[in-house]
Structures are given as structure tokens and as C-alpha cells.
Number of protein chains: 2
Amino acid sequence: MENKTTIHDIAKALKIDASTVSRALNNSPRVSQKTKERIMAKANELGYQRNLLASNLRKNVTNTIGVIVPRISRHFFSSVISGIEETAYDAGYNVIICQSLEQLKRERKLVETLLANRVEGVLLSVSMETDEFDHLLHMKNNGTPFLFFDRHCEIEGISSVLIDDFQGGFDATEHLILNGCKNIGHFSGPQELAIYRNRTAGYRKALEKHKIPYRPELVVRSSLMENDGAEGAKTLLSLPYKVDGLFSANDIAAIGAMKYFKNEGVKVPDDIAIVGFSNEPVSGIIDPSLTTMDQPGFQIGQIATKLLLEEISNAPNANPILAKTKILKSSLIERDSSRKCN
Amino acid sequence: MENKTTIHDIAKALKIDASTVSRALNNSPRVSQKTKERIMAKANELGYQRNLLASNLRKNVTNTIGVIVPRISRHFFSSVISGIEETAYDAGYNVIICQSLEQLKRERKLVETLLANRVEGVLLSVSMETDEFDHLLHMKNNGTPFLFFDRHCEIEGISSVLIDDFQGGFDATEHLILNGCKNIGHFSGPQELAIYRNRTAGYRKALEKHKIPYRPELVVRSSLMENDGAEGAKTLLSLPYKVDGLFSANDIAAIGAMKYFKNEGVKVPDDIAIVGFSNEPVSGIIDPSLTTMDQPGFQIGQIATKLLLEEISNAPNANPILAKTKILKSSLIERDSSRKCN
DNA sequence: CTGTTAGCGCATTCAT
DNA sequence: ATGAATGCGCTAACAG
């Protein structure tokens, strides 16, 4: 807050009025070219820099959107943020990024902070703790456009940008089936999260489509950490019949399982083929025998931002945009085309 | 920008003056408990929310710091950002995060934007393109406190928070030597970047200390992508003598090399032990036979923010803080204590 | 304890 | 084409 030169300073130096300076600086056509140049020159000389706070206060805009994610350092979210940042930047918007650290309390406070900062819209992915929605309803009543990405809540009139977890689960499982797998295990996560329920539903749907009976003992629930994966692999190996495929709801657990299998002399993918949802950039380099479902974070960020900016510019309208849920397809990434079960 | 209720609205509703409302809202002791309560109640009822723009303009503060990183989605940077965010948040500061995408032009514009937004300080890691420093000098002359982290420039009076790459390279190499390695290869990156020069210097220093002659053919320069690692591994295997250790300036190349070795039947770490600098969370789960140098991103963010906030609060002082370069030690992470060369 | 007055820096309306 | 006046929403100095 050192830059002291204001339009008044440069006005005084030029013995003209501040309003003329303001106009010149905004490139108004109602200032002669000559004075414009004098003003610009002086502004440069004095190192003038517009005070956006004052300008925004006056104009009642901020050109800023807020983003709340659970954790910036999770690769999926930082990819989304990249997409948001880029799209917003191109549209002349600033972005304030915050992390809830998966805490409802923090999420609440962040919403307040963003509103107090008069952001023109908010993009958010709710924390795992979020089971009350007062703060979100507040935003809605408040008239601040916002939308969810990845993790959402059912709030009427609020759009979401999501990954099609059901389809992803279906694709992953069908991929295994089409490669000859008969007994396909599945690692799932906390059932409170829709993403895991949906992935599991996709798994079941694919089995159903191909007339493979669903067996509960093939589904292992955990927190999907690496050791959970190893544990799950052990469970699958202990079954009285041979498991030849595995669909893991994330890649970390898949990797844990893969290591366990290899250690036990079970060949991947020849003895057992694995597909995992990709959360980190890990799977891309870890092993060509691991197939992953790519989650297009960057794209989600772009789309979410576009939608939000659209809502922002339409906000004054009497009739709001219909809430739409944009669903993105995750894509299967195979690194080794020779994958084969049996 | 819908929230219309101002302190005047609630003042009018209560038939008192706006200044009293303001005081109450700021919990000033000079307002009776009774009116305070009436005011708070009314504020709640009307859904009042302080307009921080106006407040900040008036108070001439923003409680905001800016951060510029090359890419948010690089894990190292998102870790740093986490550290920054948390520390800033605790101190009541907002953070505006921007990415230069490694472009000088963008970096310049971002600096302008941040200054226009009257951030009280800036943390930045320069882009790979940055070979002119006008925008940084501008900040300095402008009196906006800022400091570098990870990638820095030599600007008088500007502090940096860095990783001790020299020491890291030294530690990594010495680790290999102490485990019995005699012929240690080294993957290095672009020599324009100090981090790689320093890691290489550490490598040479360790050799020197242990009286192992430096052999240029053991040093392979590349962009350190995974296939560069494989290529480098091939080069090392083609040497007329047996290479039994490898220090890679990043982990991706180390992984590429590891895969290549394993494919060729060369055992890691028994035939050849590998240490790599860790950029991504990859190495933690990829293979216990890969030792990595952990780069403490989160910690860097914390420290950099603390320093910056310190400079901000001291800024009005006549005598500025002496620029200090805080250097963090990276730490060697071994996952398999049975590591052994020969 | 509360009201009055003034102004942060800027953009805009209304004059001229 | 330019100047004068007004106020965005808030806080602070100064009364009383």
C-alpha cells in the first residue's frame, strides 16, 4: 500500500481536473488526444497505478470469482484450478482460491469471506464433512451465482459439473469383461460419497449387462489407501475361486493391490487385470499393466468457469438459467494394448 | 453483487446513525451492549454483510497477499501453496493465486494485476522464461514487499526461501557412496537452471570428499522426462565399466531408469542403487527400492509466508529488514532399509 | 455512549 | 472537450 499517486496527484501536476484524468485513463473518447497523451505520460512518470478497490467500489463490480476446494495439493483439484484460472483469466476475472481442508467449519467461514469480498460467483467442491447446507443456501438467497464441481449437493437451481462415475465404473468393468475376465473384484470407498456409490453401481450394471452374477464377496470397501489395496488383494486371493479382474475405485488402492499380487507371483494383467480410477498423476508412469480411468480435471475447471461466468452475466435477468448438470465422461487409458486376461 | 443492505439501511431501520452501526459491527467498546444487540439482530435479519471493498478502501489495507507460481498443478507448487494458504489464513490474510504458465509476459501482467489489487505483499517463483526483471524491480521501487521461493533472481534486498540443492545433491551422492557404490551416474537437467547446477555441484563435491574421480561420461543431461531416464539408463549400461549407483536430479527420470534397468534384468538396488529428487508424490508409492530426496513444499510455503508477513508489518519502518535467504534442507527418504550396492 | 462531519480513490452526471 | 459536484460503503476524528 505504498503507491500513493492518485488521479488527483496527476491532475494537480497537470493543472487539470481529476475527472478528466479519470476519463483519459479509461480511454474515454471525450478527451482530446493531446491531453490524453500528456496524462498518460505523467501517469507513467509518477508510476501511477489504478486503485482497483476504489474503482470497483465505485463501479460496483469486482471481476473476481471465488473457488473452494478441499485441498489444493490433491492433483485432481489443482488440475481443475488450472482450468478455472485459465478460463477466468482470459475473461478478465481474478480468482481467489481457498481450501476447506475437508472441514465444514472452514468451508462456512470461507463462503462468508468470499461474499464479504464481493466475489461475483463461486465454484466449489464440498468438503467430506459437509452435511449441512445453510451456508450454501445463504449464497443462493443472497443472489451470488455459484456451482458445484466434482462433489456436489442437491440444491434446487444450482448447477454442477461432474464426472460420470456410473459410466466410468461401467466402462471399467466392461473393459475387463470384454478382455475375458469372469470373476471381477471391486474396491469401493466410503458409501456416503456419491462418487463411490455411482462407480459401484456402474460395476454392477456392467455385470448385469453381460449376465455375470453379482457376488457381494467380490466387493471390498475401504478408504482406498495403498495398504487397503494390498489388504483387498489378499482378500480376493483368499476366495475359493480364481479372481481374474479388479476394478478399483481409485488408483492408489489399485497400485497397492498390484504390488501385492506381483509379490505373490500373481501376474498382472495376465493372471488378473486391473483398472483403477485415476486421482494422481501416478498411474501414468507406474506400470503399463495398470489401466486407468482418466478424470479430466482441467476440462472440468474450464467448463465450470464458463458456466459460472454465463450465470454471472445473466444474473440480473428476471428468469434464471435453468440449472443444468454437465456431466463429463472419464476416459479409459490403456498403456499396454496387449492386455489380456486368461 | 446483490447484497444491497448497508450500514445505512440498518441505521435507518433502527433510527440511529450509521457510524454507531459501524462501531457496533466492529465490536467497539463505545457502544452500549443494548444497542449492539439491537444492531446485530437487525443486521442478521436483513442479511447484512460488510462490504470489504469499502472497508478496505477506507482503512487503506487489503489483508491480501498475491502468489505467482509457474503452474498450480505441479505437485511441488501446490504443496507450497497449501503452506502459504494455511499460514496466511491463520494470520487473517486472503491469498490470490496466479500462474505464469512459465511465460514472462504473463508474469509481468500478473504483477501489475496484483499491484492494482493492492496486495500487501507477493510471493513468487519465477517462470523459466524470466530473464528480465523490470516488473520485479518495479515492485521493489513501488515498496511492495515480496520474496522468492524455490526459483529466485538475484535482486538486492529481496529475500528468498530455497531448497538447498547443493546439499541435497551432496547427501544423495554420499548416501550412495556410503552404501558401497563406486561408479555413480548422474542425471542432470537444463544447465540454465540453478537448481540443476547446484545439484550437480553437490554430486561432484561428494565424489571429491570421498576421493572418487569425477568422470564426465557418467553425467547425462536431459529434460528429465521419463523416457530421458530410460535413455540415460541405456547410456550408463553401455559404459565399459559397471555403474552401480545413480543420482537423478528428479524422480521421473529416476523412475524411467528404474524401469529400463528392471527390464534389462539389472536389479535395483542390488546391481544399481538409485536416488532421485522428488517432484511428484509418485515416488512414495512407486517402488521401495527407489530412495528419494523429499522437497518440503508445504514447509517452504509456511516459512515464505511468515517472512513476508513480517516484512509487511515492518514495511513502514525506515530501516528495512535485511534480505535473508532461508535455505531448507531436503531430506533423504528411504523406504527399504536393506538397500545395498554390490 | 452516540451523532456529525469528512474523506479513502475513483467514475459519473450535469453543467459549461 | 473539460470542470464541478456527488456518492459507492465504510471508518475515524471530533464533538457533545
Side-chain angles (χ1 to χ4, degrees), chain A residues 1-40 42-43 46-64 112-113 115-120 142, chain B residues 1-40 42-43 46-64 113 115-120 142 316:
Chain A
M1 305 301 292
E2 291 302 315
N3 200 325
K4 307 282 292 177
T5 40
T6 74
I7 52 174
H8 292 98
D9 296 329
I10 111 158
K12 209 174 298 170
L14 260 40
K15 297 187 198 304
I16 55 178
D17 195 85
S19 58
T20 306
V21 176
S22 173
R23 279 190 281 258
L25 259 23
N26 286 297
N27 202 22
S28 157
R30 315 187 333 173
V31 180
S32 76
Q33 195 54 37
K34 210 164 185 169
T35 40
K36 243 182 209 173
E37 278 161 16
R38 286 176 59 217
I39 290 173
M40 296 310 261
K42 204 58 171 179
L46 299 179
Y48 170 80
Q49 204 144 28
R50 171 181 314 187
N51 185 329
L52 270 186
L53 279 115
S55 174
N56 287 341
L57 173 62
R58 181 59 233 266
K59 291 192 295 187
N60 197 36
V61 298
T62 55
N63 284 324
T64 302
E112 290 315 304
T113 306
L115 291 184
N117 275 288
R118 295 295 190 271
V119 295
E120 297 181 17
N142 181 27
Chain B
M1 304 301 294
E2 292 301 316
N3 200 324
K4 308 282 293 174
T5 40
T6 73
I7 51 174
H8 292 98
D9 297 329
I10 110 159
K12 210 175 298 171
L14 260 40
K15 296 187 198 305
I16 55 178
D17 195 86
S19 59
T20 305
V21 177
S22 173
R23 279 191 283 258
L25 260 23
N26 286 297
N27 202 22
S28 157
R30 316 185 333 172
V31 180
S32 77
Q33 194 55 36
K34 210 164 187 168
T35 40
K36 245 183 208 173
E37 278 161 16
R38 286 176 59 217
I39 289 173
M40 296 310 259
K42 205 55 169 181
L46 299 180
Y48 170 80
Q49 202 143 30
R50 171 181 309 177
N51 185 330
L52 270 187
L53 279 114
S55 173
N56 287 340
L57 174 61
R58 180 59 233 261
K59 292 193 294 186
N60 198 35
V61 298
T62 55
N63 284 325
T64 302
T113 306
L115 291 184
N117 275 288
R118 294 297 188 273
V119 295
E120 297 182 18
N142 181 29

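Naming convention: chains lettered A, B, ... in sequence-line order (proteins, then strands); numbering from 1 in each chain.
Taking 4.5 Å as the limit, every side-chain heavy atom of B:N117 sits out of range of all side-chain heavy atoms of B:T64.
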Verify side-chain contact (heavy atoms from CB on, under 4.5 Å) between B:T20 and B:I39, making sure each step is shown before the conclusion. CA-CA 9 Å; B:T20 305; B:I39 289 173; 4.3 Å; yes

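What separates NZ of A:K15 from P of D:dA4 is a distance of 14 Å, to the nearest Å. What separates NE2 of B:H8 from P of C:dG3 is a distance of 12 Å, to the nearest Å. Distance CG (A:N51) to P (C:dC8): 12 Å, rounded to an integer number of Å. Between B:N56 atom CG and D:dC8 atom P the separation is 18 Å, expressed in whole Å. Following rounding to the nearest Å, A:R118 (CZ) and D:dG9 (P) show an atom-to-atom distance of 9 Å. In this structure, the CD1 atom of B:I7 is 11 Å from the P atom of D:dA12, given to the nearest Å. Atom NZ in B:K59 sits roughly 7 Å away from atom P in D:dA12 (whole-Å rounding). Between the P atom of D:dT2 and the NZ atom of A:K12 lies a distance of 20 Å, rounded to the nearest Å.
Closest of all the heavy-atom pairs between A:S22 and A:I7 is CB-CD1, 4.2 Å. Smallest separation of non-hydrogen atoms from A:Q49 and B:R118: O-NH2, 2.8 Å. Listed here is the closest heavy atom pair of B:G47 and B:T5: O-OG1, 3.6 Å.
For the atom pair NZ of A:K12 and CG of A:L14, the computed distance is 12.5 Å after rounding to the nearest 0.5 Å.
Nearest-nucleotide positions on DNA chain D place B:L57 closer to the 5' end than the other of B:D17 and B:L57. The 5' end of DNA chain C is approached more closely, in terms of each residue's nearest nucleotide, by B:I16 than by the other of B:I16 and A:R58.
The stretch residues 24-39 of chain A comes close to DNA chain C through A:N26, A:R30, each having a heavy atom under 4.0 Å from the strand.
Residue-level contact check: B:S22 touches the bases, meaning some heavy atom is under 4.0 Å from a base atom. A:S19 comes within 4.0 angstrom of a base, heavy atoms only.
Checked by distance alone, B:R23 brings a side-chain donor or acceptor within 3.5 Å of a matching partner on the base of C:dG3.
Donor-acceptor pairing under 3.5 Å is lacking for the side chains of A:N26 and A:S28.
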